[in-house]
Amino acid sequence: MEQKESMSRRDALKTMGAIVTTAALSTTGLSAFAAPAKKEDGRTAPGNRLIFYFTATGNSLYVARELAGEGGRLFSIPQIIKEERLDFEADEIGFVFPDYAASAPLMVREFVNKAHFKAKYIFSVITFGNFAANVADWWDEFCKAKGLENQYINTLLMVDNYLPVFDMNEQVKIDKKIPDNLAAIVDDIHGHKQFIAHFEQMDERMQGFLKRLQENHFPMEAERLLRLNTETCIACGTCAAVCPHGNFRMTDTHAEFSGSCEYCLACVHACPQKALTLERERNPQARFRNENVSLRDIKEANHQK
Ligand SMILES: Cc1cc2nc3c(=O)[nH]c(=O)nc-3n(C[C@H](O)[C@H](O)[C@H](O)COP(=O)(O)O)c2cc1C
């Protein structure tokens with residue numbers, strides 16, 4: 001699959017805009033953010049839209065960018081979560097993140113737990129690869145428990161980056177109708193549609209199974225989850241740069257890792273040597289990154305100081 005290493009000028013400017021905004025917030029210590037009101041054709045213009053995203057392999061970043069359009073502002077959750085004050089106000093606030101076991105990455109949950117949001121229209125788009133189940137209902141309930149009411153929650157089928165089960169070479173060949181489905185979601189949100197993608201086929205067995213997944217999530221220590229081939233690792237630091245938890249350090253010869261892990265697999269997918277693997281994988285030679293997103297974009301979104 002062709003991967004775009006370099007950013008287009010438009011993407012570069014947009015990413016820089018988000019970084020500058022975040023940097024400005026960091027340097028002033030002011031994390032409360034109020035976007036100026038701006039209306040067009042009776043709809044709220046994307047200029048007054050804040051989007052918070054989490055991504056490992058770029059699917060959710062791509063969707064977040066498409067939703068931001070020319071004027072919306074993008075914030076990477078692994079970056080913005082480090083701010084002391086997390087108060088956000090805008091006409092529209094959105095969340096974009098991958099489905100992890102019919103729920104959200106832990107850092108996304110933590111962000112919503114910590115932050116305060118005020119907006120007339122709140123929306124979420126959850127990217128998934130195979131089976132979204134009741135993730136929209138789960139997210140709706142999760143947010144409501146924090147006093148956050150979504151007007152719109154939808155799911156978008158994309159490449160499934162879960163390496164224990166899927167072969168990336170096979171996944172990228174499947175036509176998941178992403179452009180059409182994404183365009184429909186963008187239109188819904190521009191039109192302030194009220195919608196929650198309810199999961200209808202919920203019997204008792206399914207309910208129990210999903211509840212266990214959502215409560216237990218995954219084992220969380222990087223040292224238990226990841227395997228490193230120290231012979232092929234060249235200590236290039238890519239894993240360190242893409243890890244949203246900052247779990248990696250470089251020695252002269254190879255990477256070392258430890259700490260709380262999302263199991264997002266950003267490090268495994270991005271390793272140029274394929275030196276990082278999991279204990280069980282469908283195809284250890286196949287890795288994925290969304291074709292509209294560069295490695296640099298993922299580093300900029302996730303790197304920790
Ligand atoms: C730990 C983990 C758990 C996942 N669980 C699910 C799941 O339950 N259902 C599903 O359809 N996709 C699941 N996926 C696939 C991702 O949700 C999907 O590939 C997503 O678009 C990746 O987004 P990203 O490229 O922004 O990281 C999972 C992926 C990972 C890494």
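Below, all heavy atoms of this structure are taken into account, side chains as well, without hydrogens, waters or symmetry copies. Just so you know, ligand 1 is whichever comes first in the structure, and atom 1 is the first atom listed for that ligand. In this chain, residues are counted from 1 in sequence order.
In this structure, of F128, F131, Y62, the residue bringing a heavy atom nearest to atom 9 (N) of ligand 1 is F131. Around atom 21 (O) of ligand 1, the closest heavy atom drawn from L156, T127, L225, N130 belongs to T127. The residue from L213, I298, N161 that puts a heavy atom closest to atom 29 (C) of ligand 1 is N161.
Between G58 and ligand 1, an N or O atom pair is found at a separation short of 3.5 Å. Inclusion of A101 in the set of residues having an N or O under 3.5 Å from an N or O of ligand 1 is warranted.
Taking both residues in full, the closest heavy atoms of R287 and L276 are given as NH2-O, 3.3 Å, listed atom of the first, atom of the second, then distance. Nearest approach of N161 to C264, heavy atoms of both residues: ND2-O, 4.2 Å.
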Could you walk me through whether D297 and K299 pass the salt bridge (charged side-chain N to carboxylate O under 4.0 Å, His left out) test, one step at a time? CA-CA 5 Å; D297 295 340; K299 288 180 181 177; over 6 Å; no
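Classification of the W139-F95 ring pair by plane angle, with boundaries at 30° and 60°, yields perpendicular.
Distances shorter than 4.0 angstrom occur between a heavy atom of D160 and an atom of ligand 1.
Between N134 and the choices Q214, Q207, K211, H198, the side-chain hydrogen bond (donor to acceptor under 3.5 Å, both in side chains) rule is met once, by Q214.
The CZ atom of F195 sits 7.5 Å away from atom CG of D188, with the distance rounded to the nearest 0.5 Å.
Those atoms of ligand 1 with a heavy atom of T57 less than 4.0 angstrom away are 24 (P), 25 (O), 27 (O).
Within the 4.0 Å heavy-atom criterion, the part of A102 lying near ligand 1 is the backbone and not the side chain. Contacts between V159 and ligand 1, counted as non-hydrogen atom pairs separated by less than 4.0 Å, involve the backbone only.
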